[in-house]
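Remarks on the structure that follows.
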Amino acid sequence: MTQYLLAVQLDESVPETEEETRTQMARTGRVVDDMKAAGVWVFVGGLKPSHASTVVRPGGGTTTITDGPFAETKEQLGGFWVIRCADLDQALAWAGRCALACGQPIEVRPFDDFSQD
């Protein structure tokens, strides 16, 4: 079994109403419940907006700290699931359900062999 990151790619320039957020959370909660029942769920997390981030960069034997996201892009990481699946096809099927539930694109990426249990 391989662990996969299902990363929500959120367009922060498109605001959501509180009602939209509640509806989205209910839909994604049902997907998480289904993941748990199927035995694929490992972890889920939602993130604060990218403006709440801090970047620590190495250089010259020291680090610098800056506010804001690492990259200035339209889409930012908004949240994620970590799941354990038999193969990529199974992970993609779950990603499809996640995309429909949260209404956002989902990037699917396997963990490397060094990160596995």
Side-chain angles (χ1 to χ4, degrees):
M1 300 286 272
T2 301
Q3 288 186 2
Y4 292 87
L5 175 71
L6 308 183
V8 179
Q9 301 302 310
L10 180 65
D11 182 349
E12 293 181 333
S13 70
V14 180
E16 289 184 343
T17 66
E18 286 186 37
E19 179 61 31
E20 289 170 328
T21 299
R22 277 193 297 276
T23 300
Q24 177 196 58
M25 294 303 290
R27 288 191 311 257
T28 58
R30 286 190 291 276
V31 173
V32 168
D33 291 343
D34 291 346
M35 287 176 169
K36 288 178 180 179
V40 302
W41 181 86
V42 176
F43 184 78
V44 65
L47 300 172
K48 298 275 187 185
S50 63
H51 64 77
S53 66
T54 304
V55 179
V56 180
R57 288 183 176 85
T62 187
T63 59
T64 57
I65 299 173
T66 56
D67 292 335
F70 172 74
E72 295 293 329
T73 65
K74 179 178 170 184
E75 292 181 339
Q76 297 288 341
L77 180 62
F80 59 90
W81 288 266
V82 176
I83 59 174
R84 183 176 284 120
C85 295
D87 56 33
L88 178 61
D89 289 338
Q90 186 182 26
L92 292 173
W94 282 108
R97 292 192 58 195
C98 293
L100 290 172
C102 71
Q104 302 294 334
I106 304 293
E107 177 184 346
V108 178
R109 190 180 300 188
F111 280 77
D112 61 29
D113 292 337
F114 302 108
S115 301
Q116 303 297 313
D117 290 343

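In this chain, residues are counted from 1 in sequence order. When reading the values below, keep in mind they use all heavy atoms of this one structure, side chains included, and skip hydrogens, waters and symmetry mates.
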Return the set of residues passing salt bridge (Lys or Arg N to Asp or Glu O under 4.0 Å) with [X] (not counting sequence neighbours), or none when no residue passes.
X      : answer
Glu107 : Arg109
Asp11  : Lys74
Asp33  : none

Subject >> Evaluation steps, side chain to side chain contact (heavy atoms under 4.5 Å, CB included), between Val31 and Arg27 >> reply: CA-CA 7 Å; Val31 173; Arg27 288 191 311 257; 6.0 Å; no
Out of curiosity, [X] [atom1] to [Y] [atom2], how far, rounded to the nearest 0.5 Å?
X      : Y      : atom1 : atom2 : answer
Asp112 : Gln3   : CG    : CD    : 10.5 Å
Gln9   : Gln76  : CD    : CD    : 8.5 Å
Asp34  : Trp41  : CG    : CH2   : 14.0 Å
Arg97  : Cys102 : CZ    : SG    : 12.5 Å
Thr17  : Gln24  : OG1   : CD    : 10.5 Å
Cys98  : Phe80  : SG    : CZ    : 12.5 Å

Subject >> Met25, Glu20, Glu19 screened by side-chain contact (heavy atoms from CB on, under 4.5 Å) with Thr23, the one that passes >> reply: Glu19
Original post:
Per the side-chain contact (heavy atoms from CB on, under 4.5 Å) rule, which among Val82, Leu5, Ile83 passes with Phe43?
Top reply: Val82
**OP:** Heavy atoms only: give me the nearest Leu6-Ala91 pair and the separation to one decimal.
**Re:** CD2-O, 4.1 Å
Original post:
Taking all atoms of both residues into account, what is the closest heavy-atom pair of Leu77 and Ala7, and its distance?
Top reply: CD1-CB, 3.6 Å
Original post:
Which pairs pass ring pair (Phe, Tyr, Trp, His ring centres under 6.0 Å) with one or both residues in residues 13-37, sequence neighbours excluded?
Top reply: none
Subject >> Tyr4 side-chain N/O to Arg84 backbone N/O, donor-acceptor pair under 3.5 Å >> reply: no
Original post:
Is there a side-chain hydrogen bond (donor to acceptor under 3.5 Å, both in side chains) between Thr66 and Arg57 once you walk through the steps?
Top reply: CA-CA 8 Å; Thr66 56; Arg57 288 183 176 85; 2.9 Å; yes
Original post:
Honestly curious: do Leu92 and Val32 fall in one hydrophobic cluster under the side-chain, below-4.5 Å linking rule?
Top reply: yes
**OP:** Indicate, with yes or no, if Leu100 and Val8 share a hydrophobic cluster defined by side-chain heavy-atom contacts under 4.5 Å among Ile, Leu, Val, Met, Phe, Trp and Tyr.
**Re:** no
Original post:
Do Ile106 and Trp94 have side-chain heavy atoms sitting under 4.5 Å apart?
Top reply: no
**OP:** Run the numbers on Val108 and Leu88 for side chain to side chain contact (heavy atoms under 4.5 Å, CB included), then give the verdict.
**Re:** CA-CA 9 Å; Val108 178; Leu88 178 61; 4.1 Å; yes
Original post:
Listed by chain and number, what are the side-chain contact (heavy atoms from CB on, under 4.5 Å) partners of Ala86, not counting sequence neighbours?
Top reply: Met1, Gln90
Original post:
Quick one: side-chain hydrogen bond (donor to acceptor under 3.5 Å, both in side chains) partners of Ser50, sequence neighbours excluded?
Top reply: Glu12
